[in-house]
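Data first, discussion second: the structure below is written as structure tokens.
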2 protein chains.
Amino acid sequence: MENSFRKCVICERPAFSHNYGVLSCDACKMFFRRVVTLNRDYKCKKDGLCTLKEKTTTCKGCRYKLCQDSGMTFQPNFMDLKDNDQKMDVTNVLGVLLFLDARRSKQMKTQFTDENFSLVQVLENRRMKLKTRRSQILTNHDWSFFGIYTSIEFFMSLDFMADEHLQTRDKVILYNRNGVTVKTFQEILLTSFCVKASLFASAMRAVKEKRDKLMTVDGKDVYPDEILKFKQFSLEFLKRIRSLLVAKMIELRLTIEEFVLCNVILFCNPALLITGAAQDVISRQQNIYTSALLEYCNLVYGKNGPSRFTDLLSLFHVINKNFEDVQAMTVIFKLCSPQTIYRRIVTDVI
Amino acid sequence: MENSFRKCVICERPAFSHNYGVLSCDACKMFFRRVVTLNRDYKCKKDGLCTLKEKTTTCKGCRYKLCQDSGMTFQPNFMDLKDNDQKMDVTNVLGVLLFLDARRSKQMKTQFTDENFSLVQVLENRRMKLKTRRSQILTNHDWSFFGIYTSIEFFMSLDFMADEHLQTRDKVILYNRNGVTVKTFQEILLTSFCVKASLFASAMRAVKEKRDKLMTVDGKDVYPDEILKFKQFSLEFLKRIRSLLVAKMIELRLTIEEFVLCNVILFCNPALLITGAAQDVISRQQNIYTSALLEYCNLVYGKNGPSRFTDLLSLFHVINKNFEDVQAMTVIFKLCSPQTIYRRIVTDVI
DNA sequence: ACTGAGAACATGTTCTGTC
DNA sequence: TGACAGAACATGTTCTCAG
Ligand SMILES: [Zn+2]
Ligand SMILES: [Zn+2]
Ligand SMILES: [Zn+2]
Ligand SMILES: [Zn+2]
């Protein structure tokens with residue numbers, strides 16, 4: 001059998017077949033597969049200077065590099081999976097989300113609006129008229145307003161948001177600096193998440209464009225120039241806001257499908273709605289999205305699906321952490337620049 | 001470090017400490033532990049003639065034998081565990097069961113009765129008066145009667161059997177050869193399981209006495225001599241009845257705690273009671289026992305607990321299978337020996 | 001019948017807690 | 001604090017199934 005004379009190009013063990021494109025032994029096959037599906041990030045401690053023996057035994061970083069260099073390649077991908085019932089279920093949930101996300105991205109990329117509705121107006125299904133962006137230069141405040149508005153449109157387009165139970169008013173009286181307000185459930189959900197959503201979308205844009213930090217669509221720093229002059233913010237703090245979430249998403253290799261699902265799972269936060277029918281609606285909806293995400297992980301990552309799923313959950317903390325930082329910065333900024341004028345919808349949600 | 005020069009007495013790898021009583025490497029430690037806790041039964045294919053290298057690498061049978069021969073020893077044991085809340089919970093459930101089982105064993109070993117109550121009389125809490133067995137010789141029919149009766153006493157002594165819901169009569173009308181009867185729920189449970197219980201107890205007696213087949217307490221074959229003459233029963237079939245269940249229990253190394261729990265889990269079969277309060281009682285009780293068994297497995301077998309638990313469940317089929325064989329034999333025997341007279345309680349449950 | 005992806009299973013190594 | 005039981009994790013081997 002000439003087979004038994006073939007050697008793994010990575011470690012020289014006997015190789016019986018090609019795996020992930022390379023003549024290799026089963027051990028190396030599984031090693032490579034695990035590094036990828038478990039999203040491991042092994043680093044050589046000797047900066048790649050391990051001996052050949054170390055490279056194939058003790059040093060995972062070097063071994064993985066050998067796998068890559070020998071041409072091994074494999075990236076689990078949802079679209080490439082063969083059709084079956086589970087995939088169809090997930091696809092059905094994903095379809096509308098991916099569409100809405102694409103629409104939002106396109107709006108951010110090419111449009112803007114001069115209108116200035118309040119959140120309540122938007123909830124009454126009035127939409128700001130968008131126009132194609134020509135050569136005008138947008139300020140940082142414009143960008144953050146538009147990011148927030150397009151995210152609100154995103155969520156308002158979800159079917160379940162039209163449910164009458166979400167249009168009723170909460171019994172709980174909330175105080176803000178404008179006095180006492182009674183919000184509808186829709187309003188509660190949107191005000192509590194749309195800034196995060198905008199942040200998350202902005203981070204996803206960075207990931208797609210292979211940047212490691214947040215930027216405006218037109219490639220400027222996310223901070224208005226004034227902020228950089230403030231002594232209150234350490235460079236460290238500002239840098240963290242720019243890169244914390246993006247770094248985590250890169251580390252996770254977050255896919256677009258995972259992104260849109262995480263987005264709506266976070267939006268549908270039943271804890272915000274004390275009880276009753278509205279909470280049921282949101283709870284059920286969150287459940288649908290959560291199940292879809294787990295199913296997605298199982299389909300794409302096989303038996304490592306649950307592990308992937310919990311990795312994704314860890315993203316949620318990071319989003320909240322990053323949001324808190326932004327929030328802190330915003331509060332201080334408003335104190336220091338009281339003259340700044342915001343669009344009505346921004347005031348409504350901050 | 002002299003440590004680093006010490007070798008595993010089993011495989012000669014470096015050994016850093018004693019494990020299960022023997023200076024050995026971690027690999028051999030884990031190998032031995034797994035064979036025991038997962039109850040593996042590896043056999044050498046070359047009848048122990050493997051080379052030394054094979055013995056410590058490819059041949060699990062030889063490797064395990066080396067472990068044993070070098071003196072490795074470890075048997076997970078419930079009693080030896082240190083006290084904690086879980087152990088207390090399980091102990092509480094086990095206490096009464098172990099007591100009742102011990103009582104039953106003692107009765108079988110030393111007593112007998114000449115009385116002849118019907119099942120209904122026993123359900124009315126009348127107990128046959130037992131007397132110490134002197135020199136009298138019991139027939140096979142005596143033994144099976146007494147096995148059944150002591151098992152009925154076992155179950156009648158369980159607290160929940162006094163629940164009033166179990167004393168009511170089933171709406172479902174059952175037909176047997178005596179005509180139409182309406183049984184109480186107690187009666188349904190007992191008739192459907194007491195023969196199996198007696199069989200199971202008899203098998204456990206064999207295991208304890210390190211026999212590989214069923215026998216009467218006084219060491220006779222379980223079959224009346226007449227049966228051996230019947231052409232209807234192949235020797236194969238008779239042998240299977242004698243050893244199927246016992247063999248499985250030996251293979252599993254069934255502990256006495258597992259035995260008593262399996263016994264009551266099988267007895268509390270909610271499927272027999274169509275619906276209603278009686279079913280609830282039994283269901284809840286079965287749940288208590290099942291939880292206790294799983295907890296027991298987790299305590300004794302650690303992370304292999306669930307695996308042990310499913311192994312035990314597989315025992316249930318075997319009990320039923322063995323019972324069916326017994327049943328078939330009994331039916332044919334009765335046809336061929338219509339003159340045989342049974343005690344009333346035996347007639348009631350067969 | 002062969003190939004290769006992936007699951008399932010077996011084995012080996014390292015960490016953790018306890019006595 | 002060393003020694004070791006056991007869990008947790010990493011790696012390696014074999015099985016299964018579809019193309
Ligand atoms: Zn290899
Ligand atoms: Zn290296
Ligand atoms: Zn060893
Ligand atoms: Zn052998």
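Throughout, a chain's letter reflects where its sequence line sits, starting with A, and its residues are numbered from 1. What you see is a predicted model, and the numbers here were worked out from it, not measured in a lab.
Side-chain atoms of A:Arg34 come within donor-acceptor range of the base of D:dG12, with a qualifying N/O pair under 3.5 Å.
Atom CG of B:Asp47 has 12 or fewer neighbouring heavy atoms from other residues, nucleotides or ligands inside a 6.0 Å radius. Heavy-atom neighbours of A:Lys87 NZ from other residues, nucleotides or ligands within 6.0 Å: above the threshold of 12.
Phosphate contact (OP1/OP2 of D:dA5, side-chain N/O of B:Arg33, threshold under 4.0 Å): absent. Within the structure, every side-chain polar atom (N or O) of B:His18 is placed at least 4.0 Å from both OP1 and OP2 of D:dA3.
Between the side chains of A:Thr37 and A:Asn304, a donor-acceptor pair is found at a separation under 3.5 Å.
Here the nucleotide nearest the side chain of A:Tyr20, chosen from C:dG4, C:dG6, D:dT11, is C:dG6. Relative to the side chain of A:Lys29, the nucleotides C:dG6, D:dG6, D:dT11 differ in distance, and C:dG6 lies closest. Set against C:dG4, D:dT13, C:dT14, the side chain of A:Met30 has D:dT13 as its closest nucleotide.
Counting heavy atoms from C-beta on, the side chains of A:Cys62 and A:Glu54 never come closer than 4.5 Å.
Ring-plane geometry between A:Tyr20 and A:Phe32 is classed as tilted, the angle between the planes lying from 30 to 60 degrees on a 0 to 90 degree scale.
With rounding to whole Å, A:Ile10 atom CD1 is found 12 Å from D:dG12 atom P. As a whole-Å value, the separation of A:Asn19 CG from D:dT14 C1' is 14 Å. In this structure, the CZ atom of B:Phe32 is 16 Å from the C1' atom of C:dT11, given to the nearest Å.
Non-hydrogen atoms lying under 4.0 Å from DNA chain C are contributed by B:Lys60, B:Arg63, all within residues 60-76 of chain B. Listed by residue number, the members of residues 297-310 of chain B with any heavy atom below 4.0 angstrom from DNA chain D are B:Gly302, B:Lys303.
Considering A:Glu257, A:Glu295, A:Glu258 in turn, A:Glu258 is the only one that fulfils the salt bridge (charged side-chain N to carboxylate O under 4.0 Å, His left out) rule with A:Arg308.
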